[in-house]
Amino acid sequence: MPELIILGSAAAIPNLEHDNTHMMIQTGEGVVLIDCGTAPMLRLERVGTPTNDITDIILTHFHPDHISGLPLLLMSMWLAGRRKALRIYGLHHCLKRVEDLMGFYQWGDWPEFFPVAFHRLPENERMMVLEQGEVTIYSSPVCHVIPTIGLRIEAKSTGKVIAYSCDTEPCQAVINLAQGASVLIHEASGESVGHSSAVQAGETARDAGVDNLYLIHYPVGDSDMASLEEEARGVFSGDVWLAEDFMKIEF
Ligand SMILES: [Zn+2]
């Protein structure tokens, strides 16, 4: 049975207990990492996953709290002796900037650096990102301040679905991504342009008809954190959870 592990749950400012929002999926054949906030190596060590078990990385958008750990992760993989290829998926807007960023590090000159294949995803709804082991993953553009994708992760054997909103204001694309999902992982940064409140996350969960809502990408360390679940429960009758680092969701 595939498993999703929350590696970070914070919005843009992390703290010791909450890293920037990122997560991994054990597919049965490999490990898919979704985003690369501060230093994914440290979180992966805590869950007992060697960095070189990662087969695929999906980058949702080019904001520092989702991307900035990537150069060091790639270097760590290389220094740990990686030789096998790595696949990285994202929109052109994001991958172009990742290539430019790595260019500043002159990664073309790193001796015997392993092959990295970039897969540019079309900016359309429900595009297949990858199929591996027990899971199939699809992406759709969502409504953030720069081009950004949300994800739909389907388990083949159980038929269960996890949807992830990524950073977005309320939009139909997220409701569509979450159709028939047992779990919606939705951001709760607060109501603003390109973001959502816990109430808005609850409304999306209600409109999509999911069973469970996990709030993620929330401001950590302030007193409002404790009330987020209650706010979502006011509009959504399913189960509501506050995602925490190292939570595991089987599906
Ligand atoms: Zn963002």
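Quantities reported herein were computed from a predicted structural model and do not represent experimental measurements. Heads up: numbering here begins at 1 and tracks the sequence.
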In terms of heavy-atom contacts, L184 and S165 come closest through CD1-N, 4.5 Å
Which pairs with one or both residues in residues 130-140 pass salt bridge (charged side-chain N to carboxylate O under 4.0 Å, His left out), sequence neighbours excluded?
E131-K156
For residues L72 and L86: do they belong to one hydrophobic cluster (side chain heavy atoms under 4.5 Å, members Ile, Leu, Val, Met, Phe, Trp, Tyr)?
yes
Rounded to the nearest 0.5 angstrom, the CD1-OG1 distance for I185 and T21 is 10.0 Å
Is E187 reaching over with its side chain to a backbone N or O of T168, donor-acceptor style, under 3.5 angstrom?
yes
Sequence neighbours excluded, which residues qualify as ring pair (Phe, Tyr, Trp, His ring centres under 6.0 Å) partners of H66?
H61, H217
Go through R152 and E154 one step at a time and tell me if the salt bridge (Lys or Arg N to Asp or Glu O under 4.0 Å) criterion holds.
CA-CA 6 Å; R152 176 183 175 90; E154 299 183 353; 2.7 Å; yes
Check the surroundings of atom CH2 in W241: do more than 12 heavy atoms from other residues, nucleotides or ligands lie under 6.0 Å from it?
no
Distance from I58 atom CD1 to I137 atom CD1, nearest 0.5 Å?
4.0 Å
From CA spacing to verdict: side chain to side chain contact (heavy atoms under 4.5 Å, CB included), Q132, D56:
CA-CA 10 Å; Q132 185 195 104; D56 304 81; 2.6 Å; yes
Counting only heavy atoms not in L79 (residues, nucleotides, ligands), do more than 12 fall under 6.0 Å from its CG?
yes
D35 and M23, any side-chain heavy atoms less than 4.5 Å apart:
no
Could you tell me whether the side chain of N212 reaches within less than 4.5 Å of the side chain of I249, counting heavy atoms only?
no
Quick one: ring-ring contact (aromatic ring centres under 6.0 Å, His included) pairs with a partner in residues 159-181, sequence neighbours left out?
none
With side chains defined as the heavy atoms from C-beta onward, is the minimum distance between E99 and R97 less than 4.5 Å?
no
Could you point out which residue of D19, N20, L33 forms a side-chain contact (heavy atoms from CB on, under 4.5 Å) with L7?
L33
Provide the closest heavy-atom pair for S139 versus L121 in the form atom of the first, atom of the second, distance.
OG-CD1, 3.8 Å
Start with the C-alpha gap between M102 and L74, add the side-chain angles, then the distance that decides, and say whether side chain to side chain contact (heavy atoms under 4.5 Å, CB included) holds.
CA-CA 10 Å; M102 293 307 296; L74 294 177; 3.8 Å; yes
Is it possible for you to say whether W110 and V98 belong to one hydrophobic cluster, with membership spreading through side-chain heavy-atom contacts below 4.5 Å?
yes
What I'd like to find out is whether the side chain of P147 reaches to under 4.5 Å of the side chain of L91, using heavy atoms alone.
yes
For the backbone of A188 and the side chain of S196, can you confirm whether one donor and one acceptor N or O come within less than 3.5 Å of each other?
no
Does the side chain to side chain contact (heavy atoms under 4.5 Å, CB included) test come out yes or no for I54 and L44, once each step is laid out?
CA-CA 10 Å; I54 295 171; L44 291 164; 3.5 Å; yes
Using modelled atom types only, decide if a donor and an acceptor are shared between the side chain of R126 and the backbone of N176 within a distance under 3.5 Å.
yes
Is it the case that more than 12 heavy atoms not belonging to R83 sit under 6.0 Å from its CZ atom?
yes
I13 atom CD1, neighbour heavy-atom count above 12 within 6.0 Å
no
So do P71 and L101 actually touch side chain to side chain, heavy atoms under 4.5 Å?
yes
T204 side chain vs Q200 backbone, donor-acceptor pair below 3.5 Å
yes
Around atom CD of Q179, are there more than 12 heavy atoms from other residues, nucleotides or ligands closer than 6.0 Å?
yes
Can you confirm whether E45 is buried at CD, in the sense that more than 12 heavy atoms of other residues, nucleotides or ligands lie under 6.0 Å from that atom?
no
Pairwise side-chain contact, T27 with V32, heavy-atom cut-off 4.5 Å (strictly under):
yes
Closest heavy-atom pair, G194 versus V145, reported as atoms and distance to 0.1 Å, is CA-CG1, 4.2 Å
Rounded to the nearest 0.5 Å, how far does CG of L59 lie from CD1 of I149?
8.0 Å
Nearest non-hydrogen partners of F236 and L213, listed with the distance:
CE2-CB, 3.7 Å
Quiz item: cation-pi between R82 and F114, 6.0 Å / 45°
yes
After noting the C-alpha distance and the side-chain angles of Y89 and L130, does the key distance pass the side chain to side chain contact (heavy atoms under 4.5 Å, CB included) rule?
CA-CA 9 Å; Y89 310 80; L130 63 91; 3.6 Å; yes
May I ask you to test the H93-R120 pair for a side-chain heavy-atom distance under 4.5 Å?
no
Just so I know, are the side chains of Y218 and S189 near enough to count as touching, which here means a heavy-atom distance under 4.5 Å?
no
Shared hydrophobic cluster, V129 / L177 (ILVMFWY, side-chain heavy atoms < 4.5 Å):
no
I need the I216 CD1 to M247 CE distance, nearest 0.5 Å.
9.5 Å
Cluster question for you: counting only ILVMFWY and a side-chain heavy-atom cut-off of under 4.5 Å, with indirect links fine, are I153 and M24 together?
no
Hydrophobic clustering (ILVMFWY, side-chain heavy atoms < 4.5 Å, transitive) - are V183 and V161 grouped together?
no
Calculate, to the nearest 0.5 Å, the distance between atoms CD and SG belonging to Q172 and C143 respectively.
10.0 Å
Aromatic plane relationship, H63 with H144 - under 30° parallel, 30 to 60° tilted, over 60° perpendicular
perpendicular
V235 and R206 have their tightest heavy-atom pair at O-CD, 3.4 Å
Shortest non-hydrogen separation from V210 to A178 and the atoms involved:
CG1-O, 3.5 Å
Gap separating the CZ atom of F246 from the OG atom of S9, nearest 0.5 angstrom:
9.5 Å
When you measure from the side chain of T60 to the backbone of C166, do you find a donor-acceptor pair of N or O atoms at a distance under 3.5 Å?
no
